[in-house]
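First comes the structure, then the notes that go with it.
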There are 2 protein chains.
Amino acid sequence: MEIIYHIGSIPLFKGLPRPLLEDLAMIVVVQMFKKRQNIFTDGDDGNGFYVVISGRVKIFKASLEGKEQILHIFGPGEPFGEVPVFAGLKFPASAESMEESRIFFFPRDAFIGLIKKSPDIAMNMLAVLSRRLIRFTQLIENLSLKEVPGRLAAYLLYLNKLNKGSQDLELDISKGQLASLLGTIPETLSRILGRMHKTGLIESDGPRIKIVDVKGLENLAVAGGRL
Amino acid sequence: MEIIYHIGSIPLFKGLPRPLLEDLAMIVVVQMFKKRQNIFTDGDDGNGFYVVISGRVKIFKASLEGKEQILHIFGPGEPFGEVPVFAGLKFPASAESMEESRIFFFPRDAFIGLIKKSPDIAMNMLAVLSRRLIRFTQLIENLSLKEVPGRLAAYLLYLNKLNKGSQDLELDISKGQLASLLGTIPETLSRILGRMHKTGLIESDGPRIKIVDVKGLENLAVAGGRL
DNA sequence: CGTGGCCTTGATAAAGTTCAAGAGCCGTGG
DNA sequence: CCACGGCTCTTGAACTTTATCAAGGCCACG
């Protein structure tokens with residue numbers, strides 16, 4: 001069945017025996033979201049978690065004044081919204097689709113039953129949560145210890161690594177969203193891109209960015225680097 | 001045996017059957033740390049995790065210029081340093097004792113073996129990591145969406161809640177360390193405490209702080225409040 | 001009684017945000 | 001086919017917040 005195929009290709013469920021995949025298929029609920037649709041909101045009660053099958057989802061915190069801080073952007077195969085499954089019941093942040101997305105929902109109680117049967121699922125989930133803690137640690141370091149140029153430099157180098165070292169990058173999110181991800185606002189991001197261009201670190205043309213000076217960016221990305 | 005008693009009183013191991021506690025006692029390594037002693041450093045390889053038995057430990061990120069951001073302060077019964085056990089191998093932050101502390105160390109491989117035998121340990125650990133994610137989410141919200149007065153107000157209200165609503169608080173960490181926890185520096189913290197005093201939100205005398213205007217603090221603590 | 005640590009206070013500087021205006025782009029509809 | 005409206009992005013100037021640098025006070029401890 002198609003569902004089983006998708007479930008089997010989720011890293012979280014990698015290497016599970018066929019019968020367990022079938023159990024998972026029994027409890028999954030398939031959901032579709034259009035672009036910019038709310039999936040859950042900070043403070044809502046959660047009674048299960050989600051996995052992106054296609055499309056993209058952002059997890060974020062919003063302030064009253066309308067500023068947002070993006071915590072994650074998740075694509076196919078990535079789970080999200082697990083926290084209420086294991087601790088308390090409320091989502092600590094909000095989730096929204098960034099494009100048309102297909103999402104699998106796994107209800108809490110049935111899923112916990114499966115975990116207790118399979119230490120492998122538990123270990124995989126522990127790995128997922130641990131990686132998320134690493135990501136948050138970096139985000140906190142960026143917000144607290146680095147200035148915006150340093151955060152941007154770190155992000156560009158991250159894209160650079162994703163692209164196996166290619167210095168020709170293409171932003172796959174809008175600059176406004178990138179600002180939210182970096183903990184700043186579009187105006188500031190725009191100015192800093194301009195400054196990086198002027199000082200010869202990058203070349204920039206809309207969403208295409210070319211890294212000219214890797215060393216210079218690495219220097220900036222270290223907490224303490226100055227532009 | 002004394003070790004077993006301590007292990008049994010760790011929330012992470014709450015409700016485990018006696019034989020499992022004995023297994024844990026077999027693999028534990030007891031360590032003592034004096035005040036301000038390094039336990040592990042950001043980037044080190046980790047081959048196990050820790051539980052505070054007595055004393056206190058801070059987990060933090062440091063920048064080259066010497067600024068630090070405290071991520072957690074852990075006391076008796078609280079585990080730390082679990083991330084390398086489940087994801088990759090490196091600690092994403094550093095740990096240091098804040099006072100003389102007794103710490104139990106559980107080596108990775110033996111512990112993973114126990115987890116696979118006991119879904120209860122796994123579930124408890126999932127809960128621990130999930131709560132940590134909640135804490136990080138709040139920290140990120142504070143750093144990104146609130147200004148320092150808002151962060152301080154939120155912290156005072158947190159102490160207020162810990163003390164079951166008492167408005168007479170006593171800081172149990174130095175103001176310098178509190179500044180690190182709030183993502184700022186001592187000078188700024190000092191000024192803001194002064195301003196809160198002057199505007200009648202609190203009364204402050206060294207480490208003793210009395211909340212005068214709960215509503216006012218709550219208003220500040222919401223992302224968007226102004227002092 | 002002096003010395004070092006911690007905290008406070010002041011003056012100054014830097015970084016980032018806000019507000020405002022305008023440019024470029026794209027899809028829609030006349 | 002072009003004009004319009006709406007969006008994102010950019011740029012400038014003023015302002016706010018926070019950090020930095022420097023100095024002085026307070027207190028505990030030897």
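Each chain gets a letter, A, B and so on, in the order the sequences are listed, and its residues count up from 1.
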Check: Taking the six-membered ring for Trp, are A:H6 and A:F13 ring centroids under 6.0 Å apart?
Finding: no
Item checked: Whole-Å distance separating the NZ atom of A:K175 from the P atom of D:dT11 -> 9 Å
Next item on the list: Whole angstrom is fine here: how far is it from CG in A:L178 over to P in D:dT10?
Entry: 11 Å
Check: What is the distance, rounded to the nearest whole Å, between atom NZ of A:K146 and atom P of C:dA15?
Finding: 17 Å
Checklist line | Closest-nucleotide ordering on DNA chain D, the 5'-leading residue of A:S190 and B:V148 | finding: A:S190
Checklist line | Length of the line joining B:E65:CD and D:dC21:P, which is rounded to integer Å | finding: 10 Å
Next item on the list: Classify the side chain of B:R151 versus the base of D:dT17 as yes if they form a donor-acceptor pair under 3.5 Å and no if they do not.
Entry: no
Margin query: Can you measure B:L189 atom CG to D:dT20 atom P for me and round it to whole angstrom units?
Written below: 15 Å
Next item on the list: Have a look at A:P149 and say if it touches a base, only the backbone sugar-phosphate, or nothing, with a 4.0 Å heavy-atom cut-off.
Entry: sugar-phosphate
Note to self: From CG of B:L227 over to C1' of D:dT16, roughly how many Å is that when rounded to an integer?
What the structure shows: 13 Å
Next item on the list: Using the ring-ring contact (aromatic ring centres under 6.0 Å, His included) rule, pick out the option among B:F80, B:F91, B:F111 that qualifies with B:F49.
Entry: B:F111
Next item on the list: Let me know, please, whether B:R191 or B:I173 comes out on the 5' side of the other along DNA chain C by nearest nucleotide.
Entry: B:I173
Notebook entry, point to check: Hey, is the side chain of B:K67 poking within less than 4.0 Å of OP1 or OP2 on D:dT20, counting only N and O atoms?
Noted result: no
Notebook entry, point to check: Does A:T188 place a side-chain N or O at less than 4.0 Å from the phosphate oxygens OP1/OP2 of C:dA15?
Noted result: no
Margin query: Between D:dT10 and A:R195, counting only base atoms on the nucleotide and side-chain atoms on the residue, is there a donor-acceptor pair under 3.5 Å?
Written below: no
Next item on the list: Decide yes or no, distance alone: a donor-acceptor N/O pair under 3.5 angstrom between the base of D:dC21 and the side-chain of B:E187.
Entry: yes
Item checked: Interatomic distance where CD1 belongs to A:I192 and C1' belongs to D:dG12 [whole Å] -> 16 Å
Note to self: Main chain of A:F33, side chain of A:S101: is a donor-acceptor contact present, judged purely on distance under 3.5 Å?
What the structure shows: no
Check: Is B:K34 salt-bridged to B:E100, going by a charged N under 4.0 Å from an acidic O?
Finding: no
Check: Under a 4.0 Å N-O cut-off, is there an ion pair linking B:E2 with B:R102?
Finding: yes
Check: Given atom CG of A:L193 and atom C1' of C:dG16, what is their separation to the nearest angstrom?
Finding: 15 Å
